[in-house]
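Worksheet for the structure shown next.
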Amino acid sequence: MTRAARDQGLFHLWWHPNNFSRDIQKNIEFLESVLDDFSVLQRQYAMRSSTMHEIAVDFLSNRV
């Protein structure tokens, strides 16, 4: 995630609500740590969050 932020690349976090079904507390703690890291990277490198739809629209609008 740091490399993606630093290089203005993409980092795809594949996370769906059903991911919480097993060991909910552990998964919530993991997601919180990812969000904390994102917050730091957002301030440090202007990393932004986008939906898959937003990425697709951006990609298609930049094609020649």
Side-chain angles (χ1 to χ4, degrees):
M1 195 161 66
T2 300
R3 184 177 354 148
R6 185 183 58 230
D7 298 344
Q8 297 179 336
L10 296 175
F11 179 85
H12 182 195
L13 177 62
W14 186 278
W15 198 271
H16 295 273
N18 63 321
N19 293 121
F20 286 97
S21 61
R22 294 186 187 179
D23 201 347
I24 293 172
Q25 187 59 41
K26 178 182 170 188
N27 288 319
I28 288 174
E29 289 170 6
F30 171 75
L31 185 56
E32 285 176 342
S33 72
V34 169
L35 295 173
D36 288 343
D37 289 346
F38 171 77
S39 182
V40 170
L41 296 171
Q42 187 178 37
R43 287 190 305 273
Q44 190 171 15
Y45 297 105
M47 188 176 205
R48 62 188 178 98
S49 176
S50 301
T51 65
M52 292 299 293
H53 179 263
E54 292 166 334
I55 296 294
V57 168
D58 187 47
F59 174 78
L60 292 173
S61 68
N62 289 317
R63 293 181 74 189
V64 177

Can you confirm whether more than 12 heavy atoms, excluding those of R48, are under 6.0 Å from its CZ atom? no
With D58 via side-chain hydrogen bond (donor to acceptor under 3.5 Å, both in side chains) - residues at least two apart: N62
Single-linkage hydrophobic cluster L60~L10, side-chain heavy atoms < 4.5 angstrom: no
For M1 and V34 the tightest heavy-atom approach is CE-O, 3.6 Å
Can you list the residues that meet the side chain to side chain contact (heavy atoms under 4.5 Å, CB included) rule with R22, with sequence neighbours excluded? none
OG1-OH distance between T2 and Y45, expressed to the nearest 0.5 angstrom: 7.0 Å
With sequence neighbours left out, write down each residue that passes side chain to side chain contact (heavy atoms under 4.5 Å, CB included) with E54, or none if nothing qualifies. S50, T51
For Q8, what residues pass the side-chain hydrogen bond (donor to acceptor under 3.5 Å, both in side chains) criterion, not counting sequence neighbours? none
Got a second to check how far R43's CZ is from L41's CG, nearest 0.5 Å? 9.0 Å
With Q42 via side-chain hydrogen bond (donor to acceptor under 3.5 Å, both in side chains) - residues at least two apart: none
Sequence neighbours left out, what passes ring-ring contact (aromatic ring centres under 6.0 Å, His included) with H12? Give chain and number order. W14
Under the side chain to side chain contact (heavy atoms under 4.5 Å, CB included) rule, collect the residues that match up with V57, sequence neighbours excluded. H53
Looking at every non-hydrogen atom in both residues, tell me the closest pair between F11 and A4 and how far apart they are. CB-CB, 3.9 Å
Does F30 have any ring-ring contact (aromatic ring centres under 6.0 Å, His included) partners at least two apart in sequence or in another chain, and if so, which? W15
Which residues pass the side chain to side chain contact (heavy atoms under 4.5 Å, CB included) test with L35, not counting sequence neighbours? L31
